[in-house]
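Step one of this worksheet: look at the structure below.
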Amino acid sequence: MASPVTPQFTGARRRLIDELRAKGISDLAVLRALDLTPRHQFVPTGVRHRAYEDAPLPIGSGQTISQPYVHAMYLQTLRLHGSEKVLEIGTGSGYQTVLLAHLCRHVYSIERIRPLIETARDAITECGVTNVSLLCGDGTLGWPEFAPYDAILVGAGAPEIPQPLVAQLAEGGRLIVPIGGRDDQRLVEITRTAAGVERRNLSDVRFVPLVGKHGWEST
Ligand code: SAH
């Protein structure tokens with residue numbers, strides 16, 4: 001059977017992984033997920049030759065696939081063990097969705113732009129992962145049907161913490177969300193505890209706006 005990961009870009013992918021290690025990504029499970037996931041299949045053909053640069057790239061509909069370092073840092077922060085139920089807001093290209101699928105039990109992922117989710121669905125299927133459910137809609141409302149989640153990752157920047165997402169965290173569960181202005185944000189980690197929530201500020205980041213009822217009004 002043909003491997004879902006084409007050998008064509010293997011060298012470039014290994015070089016990207018070495019670059020990410022040099023930048024501080026040391027979690028072996030995260031590095032393995034990066035090695036298993038063909039990023040070139042998640043970008044438009046016109047930028048495919050740049051798929052293994054540590055840079056964001058356009059994916060159409062005015063959106064971007066995030067920089068690999070940002071994905072890796074998110075995933076390293078989460079320290080997933082493999083048994084978790086994870087909610088992702090902003091499927092985009094579907095690349096991070098597949099990274100997550102290699103690191104947890106099931107990924108629920110929501111994207112508001114239909115053409116993006118359809119392209120992502122094809123790319124995800126091509127990778128051979130089956131523990132992913134996709135929904136087209138407003139991710140600021142979460143996906144209550146499958147709550148509570150052990151982790152929630154938001155891949156777009158919000159003006160403030162979307163409360164429905166906090167409400168859908170399991171006890172001990174963590175929400176990672178960029179909070180701030182439309183162009184620059186601070187990555188914030190919210191942990192739900194028996195007593196309430198704990199907040200920790202992580203690095204400065206730049207994400208496209210989270211658009212929805214508990215986000216920005218429009219792009
Ligand atoms: N991790 C993705 C990030 C894509 S950019 C990747 O690397 O491919 C962020 C995505 O969030 C965009 O596709 C955008 O359309 C989506 N988005 C913005 N607001 C949203 C919302 N309220 N619900 C779901 N998706 C949203």
Nearest 0.5 Å, please: how far is [atom2] in [Y] from [atom1] in [X]?
{"X": "Gln41", "Y": "Thr119", "atom1": "CD", "atom2": "OG1", "result": "13.5 Å"}
{"X": "Leu34", "Y": "Leu36", "atom1": "CG", "atom2": "CG", "result": "9.0 Å"}
{"X": "Leu153", "Y": "Leu100", "atom1": "CG", "atom2": "CG", "result": "5.5 Å"}

Answer yes or no: is there an ion pair linking [X] with [Y], defined by an N-O contact shorter than 4.0 Å?
{"X": "Glu19", "Y": "Arg15", "result": "no"}
{"X": "Arg105", "Y": "Asp150", "result": "no"}
{"X": "Arg186", "Y": "Asp204", "result": "yes"}
{"X": "Lys213", "Y": "Asp138", "result": "no"}
{"X": "Arg200", "Y": "Glu189", "result": "yes"}

> Would one find more than 12 heavy atoms of other residues, nucleotides or ligands at under 6.0 Å from atom CD of Glu160?
Replying inline: no
> What is the ring orientation for Phe9 with Tyr52, classed by angle as parallel under 30°, tilted 30 to 60°, or perpendicular over 60°?
Replying inline: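 It falls in the tilted class, 30° to 60°.
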>> Check the orientation of Tyr108 and His106. Use parallel for under 30°, tilted for 30 to 60°, and perpendicular for over 60°.
In response: tilted
> By ring pair (Phe, Tyr, Trp, His ring centres under 6.0 Å), which residues pair with His102, not counting sequence neighbours?
Replying inline: none
Does any non-hydrogen side-chain atom of [Y] lie less than 4.5 Å from one of [X]?
{"X": "His214", "Y": "Pro164", "value": "yes"}
{"X": "Ile59", "Y": "Pro44", "value": "yes"}
{"X": "Arg174", "Y": "Ile190", "value": "no"}
{"X": "Pro38", "Y": "Arg13", "value": "yes"}

> Of all residues at least two apart in sequence or in a different chain, which pass the salt bridge (charged side-chain N to carboxylate O under 4.0 Å, His left out) check with Arg50?
Replying inline: Glu53
> Going by atom types only, do Asp54 and Gln67 share a side-chain donor-acceptor pair under 3.5 Å?
Replying inline: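 A donor-acceptor contact under 3.5 Å links the two side chains.
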> Do Met73 and Val154 belong together in a cluster built from hydrophobic side chains that touch within less than 4.5 Å?
Replying inline: no
> Given the rule that I, L, V, M, F, W and Y join up when any side-chain heavy atoms are under 4.5 Å apart, are Leu16 and Val70 in one cluster?
Replying inline: yes
> Which residue pairs pass the side chain to side chain donor-acceptor pair (under 3.5 Å) test when at least one of the two sits in residues 86-99, sequence neighbours left out?
Replying inline: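 Found Glu88-Gln96, Glu88-Thr97, Glu88-Ser109, Thr91-Ser109.
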>> Between His40 and Phe42, does the ring-ring contact (aromatic ring centres under 6.0 Å, His included) criterion hold? Intermediate values first, please.
In response: CA-CA 5 Å; His40 63 278; Phe42 292 86; 8.7 Å; no
>> With a 3.5 Å distance limit and no angle check, can you tell me whether Glu111 reaches the backbone of Ile113 through a side-chain donor-acceptor pair?
In response: yes
